[in-house]
Number of protein chains: 2
Amino acid sequence: MIQKTALLSPRPVRSRPTRAQTRERILNGALEAFAERGFQGATQEDICERVRLSRGAYNSNFRSKEELFFAIYDRTIERLERHLETSIASALSGPGPAVENFVRAFIAGYAFDRSWYLLQAEFGLHALRNPAVASHYAARQARILSVIEEAVCRVWSGIEPGRPHASSRVARLILAVHEGAMFQRLLEPSAIKDGELLALFAEFLVSRSVIDA
Amino acid sequence: MIQKTALLSPRPVRSRPTRAQTRERILNGALEAFAERGFQGATQEDICERVRLSRGAYNSNFRSKEELFFAIYDRTIERLERHLETSIASALSGPGPAVENFVRAFIAGYAFDRSWYLLQAEFGLHALRNPAVASHYAARQARILSVIEEAVCRVWSGIEPGRPHASSRVARLILAVHEGAMFQRLLEPSAIKDGELLALFAEFLVSRSVIDA
DNA sequence: CCATCTCAATACATACCTGTATCGAATGAT
DNA sequence: ATCATTCGATACAGGTATGTATTGAGATGG
């Protein structure tokens, strides 16, 4: 026999948000603040104001700024990874030339918005300066790279059998182009049309003879 | 007749450094400090300690942190531009395949050291956040881009007459790859051999049919 | 040789950010 | 209903960075 059933308790309306909810709100504020003011520039006050919470909530939920930074970075990179995976998967299963589909999917799936890019860039710089952070960052980036590499292999398996033995470096190359392009595009939106550099890059990629070199 | 000649005045030994000298020392300290601690993280104390000067010298020479940041960035990017120009020029005039020479020269000339990269990246992030800084950064980057584009055109003119009409975008592409590769390499030196990504990219470039597309 | 000026070092005042401690309201268990 | 607990808001203290003012040593010119 079931002792406690929720059947008769239709969850009373809480006037007080759950801990997870406030934590989430702070993460949202942190994303914005870190993106717009940088890690050092973002203050507790700044973060909390954006989501209408007090520093009490902040300090109650996160032990330190570093901890919050890691948390928001992890959340962002995980969403990014999933986003990239699904959009690549759907693109590769569609009709049309695989390479173009892949590139388009990459642009769509990895074209995280301004805040995501800025946060990731900020964390990247942080990683370059702190060896401890570097390993964390590298591990996260490795997952992104493997998603890209997997896609590269699948694309090329449709062109010729076997995986290109430079797939790892190709993945890094793709990522490098994207990061660089993303930066230039955010800086001068007028200078580069949407995904233009990646599209140009895709044309290079099509000359697949190079892959096997 | 020359009234004042320096022939008999072999510049007395100054016990006090010139203003330009101390300014230069502070710039050196700023380069290191901004690179290793970031713009916000670098303090006056930090900068001054590295070059054995007091904050008095700092505040006497620079009105604000922003001003110093701009000054050290400008100095760095100018050196970078000259470095890139000369190394490309000498490489293109040498024997061997032009594309490879160019890429090698690019790596050598633009492979500024860790501090230069970090400073530039930091300034880039700053530019993304402050529109006022963005225009300054874009102007500087435009000069770098034109140097690269010029080289691209010269390389391709040796292959076929006329300049590729996508040369501007190719230049941006090269810069994007380099920035991205530089970052990955600094983060995981073991993962990428020296200029490996750019070399791979050079192989793509060799299939010049794409350029004219 | 003296007077003036330059410039970097030191001292000071102000502002601000972080983390801790305290307080009060909402929750849910008995 | 009551009591203990959770949790976010407010108040406080410590540390630190910035910019200004002041001072004294060294240069410069008459």
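Per chain, numbering begins at 1; letters A, B, ... match sequence-line order. What you see is a predicted model; the values in this text were computed from it and never measured.
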Interatomic distance, Q40(B) CD vs dT16(D) P [rounded to whole Å]: 18 Å
Nearest-Å distance for atom pair CD/P, residues Q21(B) and dG26(D): 16 Å
Residue R75(B) excluded, over 12 heavy atoms near CZ under 6.0 Å: yes
Pair of N/O donor and acceptor under 3.5 Å linking dT6(C) base with R19(B) side chain: no
R114(A) bridged to E36(A) by N-O distance under 4.0 Å: yes
Passing candidate, ring pair (Phe, Tyr, Trp, His ring centres under 6.0 Å) with F69(B), options Y137(B), F34(B), F62(B): F34(B)
Lys/Arg N to Asp/Glu carboxylate O, R140(A) vs E78(A), below 4.0 Å: yes
Atom-to-atom span, CZ of R23(A) to P of dT6(D) - whole angstrom: 18 Å
Check: E81(A) side chain, R143(A) main-chain N or O, donor-acceptor pair, under 3.5 Å: no
Spacing of R16(B) atom CZ relative to dC5(C) atom P, expressed in whole Å: 14 Å
Residues in contact with DNA chain D, drawn from residues 42-66 of chain B - heavy-atom cutoff 4.0 Å: A42(B), T43(B), Q44(B), R55(B), N59(B), K65(B)
Identified ring pair (Phe, Tyr, Trp, His ring centres under 6.0 Å) partner of F123(A) from the options F70(A), Y117(A), W116(A): F70(A)
